[in-house]
**Student:** 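Okay, handing you the structure first.
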Amino acid sequence: MSDTIKQRPGPMRLIDATQYRLPPAAWVSILHRVSGVIMLALLPFIIWLLDKSLESDITYQFLADVFVGGLGFVPGWFFKLVVLALIWSYLHHFIAGVRHLWMDATHSVSKEFGRSSAFVTLGLSLALTLALGIKLFI
């Protein structure tokens, strides 16, 4: 028998979330999930827009006027912001999905590739969203 006595570990402490810095790949993963939730939440709005825009020329013009002048007490810029959120969520979700497919197909699972592809995903999704947002608002 051994004379050493095992000491019990001290009390468990929760890690302060502000002290831990997430890597870029973690941010892409979190935003990939958030963008999926946004697209799911806005799906009724997308279906309504598609239905109204294809119904007739009059309803298409009505939707075009909603984006300019608003609807009731909701201003037009709010509808544009909702569409901009939808644009970002689609672009980010698509680019992050392509990133995951590329990593699966090429077995690129190194830490450096994950970091660089995360920066490319974030930069590309934000740049394309900015470009389409300028087109949407101007």
Side-chain angles (χ1 to χ4, degrees):
M1 291 253 178
S2 173
D3 289 348
T4 60
I5 300 172
K6 276 190 160 181
Q7 288 189 347
R8 295 184 61 130
M12 299 279 294
R13 291 183 216 131
L14 292 176
I15 298 172
D16 186 11
T18 60
Q19 291 179 349
Y20 185 71
R21 191 166 163 228
L22 290 175
W27 281 108
V28 168
S29 178
I30 291 168
L31 291 175
H32 185 79
R33 294 169 190 201
V34 168
S35 64
V37 169
I38 289 173
M39 286 191 300
L40 182 66
L42 291 178
L43 193 59
F45 180 68
I46 297 166
I47 293 171
W48 177 76
L49 278 177
L50 181 64
D51 179 47
K52 290 299 176 186
S53 68
L54 297 176
E55 195 171 292
S56 69
D57 290 339
I58 296 170
T59 56
Y60 177 81
Q61 189 58 46
F62 170 74
L63 286 178
D65 293 341
V66 164
F67 280 96
V68 173
L71 180 65
F73 64 89
V74 181
W77 59 264
F78 181 77
F79 288 103
K80 289 182 180 182
L81 277 180
V82 171
V83 170
L84 187 64
L86 182 61
I87 289 170
W88 171 82
S89 65
Y90 175 75
L91 288 171
H92 182 81
H93 202 78
F94 178 77
I95 294 169
V98 169
R99 172 183 177 257
H100 286 292
L101 286 174
W102 180 264
M103 290 173 72
D104 288 344
T106 62
H107 303 289
S108 302
V109 290
S110 69
K111 192 178 206 180
E112 185 55 42
F113 181 79
R115 181 177 170 81
S116 63
S117 65
F119 280 126
V120 168
T121 299
L122 290 171
L124 198 56
S125 66
L126 289 176
L128 289 173
T129 301
L130 181 66
L132 291 173
I134 289 171
K135 174 75 174 148
L136 179 67
F137 279 93
I138 294 178

**Student:** Using the side-chain hydrogen bond (donor to acceptor under 3.5 Å, both in side chains) criterion, which residues pair with Thr129? Sequence neighbours excluded.
**Tutor:**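 None.
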**Student:** With sequence neighbours excluded, what pairs up with Leu122 under the side-chain contact (heavy atoms from CB on, under 4.5 Å) test?
**Tutor:**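 side-chain contact (heavy atoms from CB on, under 4.5 Å) list for Leu122, sorted by chain: Val28, Leu31, His92.
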**Student:** Apply side-chain contact (heavy atoms from CB on, under 4.5 Å) to Leu22 and list each qualifying residue two or more places apart in sequence or on a separate chain.
**Tutor:**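 In terms of side-chain contact (heavy atoms from CB on, under 4.5 Å), with neighbours along the sequence ignored, Leu22 is linked to Tyr20, Ala26, Trp27, Ile30.
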**Student:** Table please: side-chain donor-acceptor pairs of residues 75-86 below 3.5 Å, with sequence neighbours left out.
**Tutor:**
none

**Student:** State which residues pass side-chain contact (heavy atoms from CB on, under 4.5 Å) with Leu50; sequence neighbours excluded, sorted by chain then number.
**Tutor:**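 Here the qualifying residues are Ser53, Leu54.
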**Student:** For Trp102, what are the other residues in its hydrophobic cluster, where any two members join if their side-chain heavy atoms are less than 4.5 angstrom apart?
**Tutor:**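 For the cluster that includes Trp102, the remaining residues are Met103, Phe113.
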**Student:** State, yes or no, whether a side-chain contact exists between Ile38 and Val34 at a heavy-atom distance under 4.5 Å.
**Tutor:**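 Yes, side chains in contact.
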**Student:** Write out all pairs satisfying salt bridge (Lys or Arg N to Asp or Glu O under 4.0 Å) with one or both partners inside residues 109-135, taking only residues at least two apart or from two chains.
**Tutor:**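 Output for this query is empty, none listed.
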**Student:** Same cluster for Leu126 and Phe119 if Ile/Leu/Val/Met/Phe/Trp/Tyr side chains link at under 4.5 Å?
**Tutor:**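 Per the 4.5 Å side-chain linkage, Leu126 and Phe119 are not co-clustered.
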**Student:** Could you pull out all residues at least two apart from Thr106 that satisfy side-chain hydrogen bond (donor to acceptor under 3.5 Å, both in side chains)?
**Tutor:**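 Scan of Thr106 (side-chain hydrogen bond (donor to acceptor under 3.5 Å, both in side chains), adjacent residues dropped) gives Ser108.
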**Student:** How long is the span from the OG atom in Ser117 to the CD1 atom in Ile95, to the nearest 0.5 Å?
**Tutor:**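 Atom-to-atom, Ser117:OG and Ile95:CD1 are 12.0 Å apart.
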**Student:** Hey, quick one: are Phe137 and Tyr90 part of the same hydrophobic cluster, counting side-chain heavy atoms closer than 4.5 Å, chains of contacts allowed?
**Tutor:**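 Same cluster: Phe137 reaches Tyr90 through Ile, Leu, Val, Met, Phe, Trp or Tyr contacts under 4.5 Å.
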**Student:** Atom CH2 of Trp88 and atom CE of Met39: how far apart are they, to the nearest 0.5 Å?
**Tutor:**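 Interatomic distance, Trp88 CH2 to Met39 CE, rounded to 0.5 Å: 9.5 Å.
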**Student:** Drop me the distance from His32's NE2 to Arg99's CZ, to the nearest 0.5 angstrom.
**Tutor:**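 Nearest 0.5 Å value for the NE2-CZ distance: 10.0 Å.
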**Student:** So which heavy atom on Gly114 is nearest to which on Ala25, and how close?
**Tutor:**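 Closest heavy-atom pair between Gly114 and Ala25: O-CB, 4.1 Å.
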**Student:** For residues 55-74, dump all side-chain donor-acceptor pairs below 3.5 Å to protein atoms at least two apart in sequence or in another chain.
**Tutor:**
residue: Ser56; atom: OG; partner: Ile58; partner atom: N; Å: 3.4
residue: Ser56; atom: OG; partner: Thr59; partner atom: N; Å: 3.3
residue: Ser56; atom: OG; partner: Thr59; partner atom: OG1; Å: 3.4
residue: Thr59; atom: OG1; partner: Lys52; partner atom: O; Å: 2.5
residue: Thr59; atom: OG1; partner: Ser56; partner atom: N; Å: 3.1
residue: Thr59; atom: OG1; partner: Ser56; partner atom: O; Å: 3.0
residue: Gln61; atom: NE2; partner: Asp65; partner atom: OD1; Å: 3.1

**Student:** Got a sec, which residues hit side-chain hydrogen bond (donor to acceptor under 3.5 Å, both in side chains) with Ser35, two or more places apart in sequence or on another chain?
**Tutor:**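 For Ser35, the residues satisfying side-chain hydrogen bond (donor to acceptor under 3.5 Å, both in side chains) (neighbours in sequence not counted) are His93.
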**Student:** Report the distance from atom CZ of Phe94 to atom CG of Leu128, rounding to the nearest 0.5 Å.
**Tutor:**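 Answer for the CZ-CG pair, Phe94 versus Leu128, is 10.5 Å.
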**Student:** If you link ILVMFWY side chains whenever their heavy atoms are less than 4.5 Å apart, which other residues fall into the same cluster as Ile138? By chain and number, please.
**Tutor:**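 Cluster partners of Ile138: Leu130, Ile134.
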